[in-house]
Amino acid sequence: MSNATGSNDHAGSGKPRPSDFIRDIVAADLASGKCREVVTRFPPEPNGYLHIGHAKSICLNFGIAVENGGRCNLRMDDTNPTREEAGYVEAIIRDVAWLVEGWADHCFKMKPRGAKPVVTERDGRRDYYMPPAENVPSAELANPRSAVVEPFYASDYFEALYDYALQLIRAGKAYVCDLSAEEMEEYRGTPEKPGRESPYRNRSVEENLDLFQRMRAGEFPDGARTLRAKIDMASPNIWMRDPVLYRIRHAAHHHAGDQWCIYPTYDFAHCLSDYIEGITHSICTLEFEVHRPLYDWILENLNLPRPLPHQYEFAKLIPSYTVVSKRKLVQLVNEGIVRGWDDPRLPTLAGLRRRGVPAQAIRDFAYHIGVTKYPSLTDIAVLEHTIRDDLNRRALRRLAVLRPVKLVITNLPEGHREEVEAVNNPEDPAAGTRRVTFTREVYIDDQDFMEEPPPKYHRLRPGGEVRLKYAYIVRCDEVIKGPDGRIKELRCTADLGSKRGGPTANRKVKGTIHWVSAADSIPAEVRLYDRLFTVPEPDADGADFRQFINPNSLEVVEARLESGLREARANEHYQFERLGYFYLDPDSTADRLVFNRTITLRDTWAKLQSRQQQR
RNA sequence: UGCCGGAUGGUGUAACGGUAGCACAGCAGACUCUGGAUCUGUUUGUCUAGGUUCGAAUCCUAGUCCGGCAGCCA
């Protein structure tokens with residue numbers, strides 16, 4: 001098939017375009033001429049924050065648009081006024097724009113602010129169509145309060161949906177039902193037993209029309225009546241047993257205001273929203289598979305003039321060592337187990353972003369996990385790998401000491417101070433070098449010295465040698481302890497000829513450790529994050545996931561950073577050498593820096609050590 | 001036990017009747033002024049039983065196991 005209009009590069013990763021059963025269908029539809037352009041949509045309900053699971057869906061929907069020169073609409077699936085809030089809409093726009101920026105922003109579609117569907121006559125049939133805004137600068141797409149564009153909203157189609165409901169009634173395919181919720185449940189039957197027809201099922205068209213109009217006019221209380229599709233109460237598929245299309249809810253809507261007291265259900269609104277926007281491929285998760293016959297039934301019974309959208313289902317992401325369900329995320333936030341929706345320990349896009357995870361790494365993750373109909377548990381190590389892989393290439397290297405121990409070089413004069421040259425990124429020579437101040441007294445990390453080290457320990461020990469990165473090889477002569485027995489300082493002598501370019505520079509020593517100048521470094525708060533849960537599936541078998549919370553998911557240390565980090569920038573990713581990747585937190589102030597550890601470096605020593613301990 | 005869907009190494013995925021491949025994880029080694037990165041090697045797999053075929057992960061039959069569905073949630 002042709003790539004003429006699409007990118008052959010997946011998600012900006014340089015990897016070949018992916019292939020999966022949905023992309024195969026899209027390619028076949030294009031090849032057969034079943035559709036000429038590809039239009040997808042990402043339809044979150046604005047009642048929570050987007051998370052890594054949504055990222056899979058976003059990458060799928062936007063990816064298909066990018067690869068085929070199509071477009072992808074961001075749509076708020078907001079048909080239930082009692083659950084949804086405008087505040088979430090802004091967060092969703094921000095997260096989506098962040099995730100697709102630089103990759104799919106040209107396919108990312110919103111609509112002119114305030115626009116409603118265009119009404120036309122086609123072949124004597126009334127038609128509603130909601131086109132996207134054209135030529136929108138990407139800054140506007142990323143601005144949740146843009147004056148020119150806004151997302152698509154299912155609630156903008158309420159008038160059209162009402163009209164479609166009227167058409168169904170007139171065709172004798174929908175009726176107003178007076179059964180209470182409890183009665184309806186009873187009439188519905190069970191999966192094994194067919195349901196019974198409602199006594200209101202055979203009302204006349206005129207009576208249905210009258211009643212439905214009065215439902216809209218607010219004549220009945222919540223729950224008094226519903227509009228139902230007239231399909232088949234004996235269907236083996238529960239969703240075909242005269243499903244509810246409209247319910248009465250005397251409640252204001254976050255977007256539509258207070259003009260409605262009847263609201264369409266998901267099943268009625270979703271397929272028609274897709275149609276109205278000209279969606280070709282409506283991609284959703286597996287739990288909607290059994291709804292597909294209803295999706296098709298509604299569209300096919302409306303005599304619509306344009307091509308109909310089709311629904312395809314894939315398995316949603318289940319990541320290990322975290323939870324992703326809206327209810328559980330809300331619980332973590334509301335119970336104060338984490339500090340908010342953007343807590344860096346959460347799998348929310350806002351949390352991952354704050355932690356320092358690049359959007360590219362999330363897109364790479366989506367690429368690696370693939371798309372199938374098999375509901376699998378995905379090892380979070382795959383995400384950790386794509387994060388390290390991306391950050392290794394781009395992060396600026398800096399020196400920082402998390403748990404400082406003083407090291408004094410006795411053969412250097414009091415007040416000695418010099419500058420050494422340090423590499424900014426060994427993966428990227430263009431990143432250049434910088435000067436770092438080296439002094440007689442430095443700090444090293446307490447893990448880099450042991451009085452009685454285990455076998456294979458390559459770092460500093462009494463009488464042992466180690467290289468201070470970019471500076472000298474030092475030998476530990478003496479360990480000075482305070483009255484409490486804790487190490488106060490390490491007294492060392494340096495091999496003064498061992499600096500780069502010096503006569504003994506090429507001497508081999510087992511270990512190289514990082515350091516910062518005692519006098520020239522700056523203090524900072526560093527937040528060390530670990531997985532939020534201690535088990536791969538914290539919510540398996542209906543167990544209370546809170547019992548598996550990792551008590552050490554956050555550790556705060558008072559660190560010392562090389563002084564150049566005073567100018568650390570937000571949005572810049574840093575590697576603190578030998579420690580991991582770090583990212584400036586918005587809690588930082590002018591005189592107090594706060595860093596989040598995005599992720600540690602791969603640590604083969606730690607692995608070796610834990611294996612030794614297990615023996 | 002109704003309907004819909006699914007099953008390939010430890011995990012995730014590819015192979016579209018023709019050599020079971022890739023990634024992550026693991027293990028072993030090389031290299032290294034990051035125990036990082038990089039490179040090399042390597043352990044482990046087609047749910048079961050029949051059938052069709054020169055040939056089956058793939059097609060057929062039967063079974064097993066797993067997931068989803070009985071909101072006026074999405």
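Labels below follow one simple rule: chain letters A, B, ... track the order of the sequence lines, proteins then strands, and each chain is numbered from 1.
No engagement by A:S235 is indicated, since no non-hydrogen atom pair under 4.0 Å with the nucleic acid exists. Nucleic acid contact for A:L383: none, since no nucleic acid atom lies under 4.0 Å from a heavy atom of the residue. Using a 4.0 Å heavy-atom distance criterion, A:Y266 is classed as a base contact. Residue A:S180 is in base contact, counting any heavy-atom pair closer than 4.0 Å across all strands shown.
Under the 30°/60° scheme for interplanar angles, the aromatic rings of A:F158 and A:H253 are found to stand perpendicular. The aromatic rings of A:H54 and A:H51 sit tilted relative to each other, their planes meeting at an angle between 30° and 60°. Ring pair A:Y583/A:H573 is parallel by interplanar angle, where below 30° counts as parallel and above 60° as perpendicular.
Atom name P, nucleotides B:C60 and B:G6: the rounded distance is 12 Å, in whole Å. A gap of 15 Å separates the P atoms of B:U48 and B:U64, to the nearest Å. For the P atoms, the distance from B:C72 to B:G2 is 24 Å, rounded to whole Å. Rounded to a whole angstrom, the distance from the C1' atom of B:G21 to that of B:A14 is 7 Å. Between B:G10 and B:C27, the two C1' atoms lie 13 Å apart (nearest whole Å). Using atom C1' as the reference point in both B:U19 and B:G55, the two lie 12 Å apart (nearest Å). Taking atom C1' in both B:A25 and B:G45, one finds a spacing of 15 Å when rounded to whole Å. A gap of 22 Å separates the P atoms of B:U8 and B:U1, to the nearest Å.
Annotation: cation-pi geometry satisfied between A:R225 and A:F220 (NZ/CZ under 6.0 angstrom from ring centroid, within 45° of ring axis). Cation-pi check for A:R196 over A:Y187 is met; the charged atom lies under 6.0 angstrom from the ring centroid and within 45 degrees of its normal. The side-chain tip of A:R216 points at the ring of A:Y162 from less than 6.0 angstrom away and within 45° of straight on.
Here side chain to side chain donor-acceptor pair (under 3.5 Å) pairs that include residues 313-323 of chain A, with residues two or more places apart or in two chains, are A:R292-A:E313, A:Q311-A:E313. Evaluation of the salt bridge (Lys or Arg N to Asp or Glu O under 4.0 Å) test over residues 241-255 of chain A, restricted to residues two or more places apart or in two chains, returns A:R201-A:D242.
Between A:D364 atom CG and B:C22 atom P there is a gap of 20 Å when expressed in whole angstrom units. For A:I22 and B:A14, the CD1 to P distance is 11 Å, given to the nearest whole Å. B:C72 atom P lies 13 Å from atom CE of A:M215, rounded to whole Å. Taking atom CG of A:L294 as the reference point, atom C1' of B:C3 lies 15 Å away to the nearest angstrom. Look at CD1 on A:I92: it is 12 Å from C1' on B:A74, rounded to the nearest Å. Rounded to a whole Å, the CD1 atom of A:I380 is 17 Å from the P atom of B:U11. Note: CZ (A:F314) to C1' (B:G12) measures 15 Å, nearest angstrom. A:K373 has its NZ atom 6 Å from the C1' atom of B:G5, to the nearest Å.
By the 4.0 Å N-to-carboxylate-O rule, A:R435 lies too far from A:E418 to be salt-bridged with it. Using a cutoff of 4.0 Å between basic side-chain nitrogens and carboxylate oxygens, A:E577 and A:K469 are scored as salt-bridged. Look at A:E465 and A:R507 and you find a salt bridge, because one of the NZ, NE, NH1 or NH2 atoms lies within 4.0 Å of a carboxylate O, short of that distance. Looking at A:D603 and A:K607, no side-chain N of the basic residue comes within less than 4.0 Å of a carboxylate O on the acidic one, giving no salt bridge.
Within the structure, every side-chain polar atom (N or O) of A:R292 is placed at least 4.0 Å from both OP1 and OP2 of B:C3. Contact check, A:K607 against B:A25: no side-chain N or O comes under 4.0 Å of OP1 or OP2. Between A:S376 and the phosphate of B:U13, there is a side-chain N or O to OP1/OP2 separation shorter than 4.0 Å. Regarding contacts with the backbone of B:C24, every side-chain N or O of A:H368 stays at 4.0 angstrom or more from both OP1 and OP2. In terms of phosphate contacts, A:T378 brings no side-chain nitrogen or oxygen within less than 4.0 Å of OP1 or OP2 of B:U11.
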Restricting both atoms to N or O, compile the protein contacts to nucleotides 67-71 of chain B shorter than 3.5 Å, with distance only.
residue, atom, partner, partner atom, Å
B:C69, O2', A:W239, NE1, 2.7
B:A70, O2', A:R188, NE, 3.0
B:G71, OP2, A:R188, NH2, 2.6

Contacts under 3.5 Å, N or O only, protein and nucleotides 16-21 of chain B:
residue, atom, partner, partner atom, Å
B:C16, N4, A:D24, OD2, 3.3

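For A:K456, the NZ atom counts as loosely surrounded, since its 6.0 Å shell holds 12 or fewer non-hydrogen atoms of other residues, nucleotides or ligands.
Heavy-atom nearest nucleotides on RNA chain B were determined for A:H270 and for A:G370, and the one closer to the 5' end corresponds to A:G370. Mapping A:V371 and A:Y374 onto RNA chain B by nearest heavy atom places A:Y374 at the nucleotide closer to the 5' end.
The two atoms that bring A:W515 and A:L399 nearest to each other are O-CB, 3.4 Å, heavy atoms only.
Base orientation of B:G55: anti, the glycosidic angle falling outside 90° of 0.
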**Q.** Sequence-aligned protein contact record of nucleotides 29-40 of chain B, with B where the base is within under 4.0 Å of a protein heavy atom and S where only the sugar-phosphate is
**A.** ----BBBBS---

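Distance check, rounded to the nearest 0.5 Å: NE2 of A:H514 to OH of A:Y443 gives 14.0 Å.
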Q. In dot-bracket form, how is RNA chain B paired, counting a Watson-Crick or G-U wobble pair only if both its distances are under 3.5 Å and using | for bases paired to another strand?
A. .((((((..((((....[..)))).(((((.......)))))....(((((..]....))))))))))).....

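The residue from A:D448, A:T512, A:T600 that alone fulfils the side chain to side chain donor-acceptor pair (under 3.5 Å) condition with A:R578 is A:D448.
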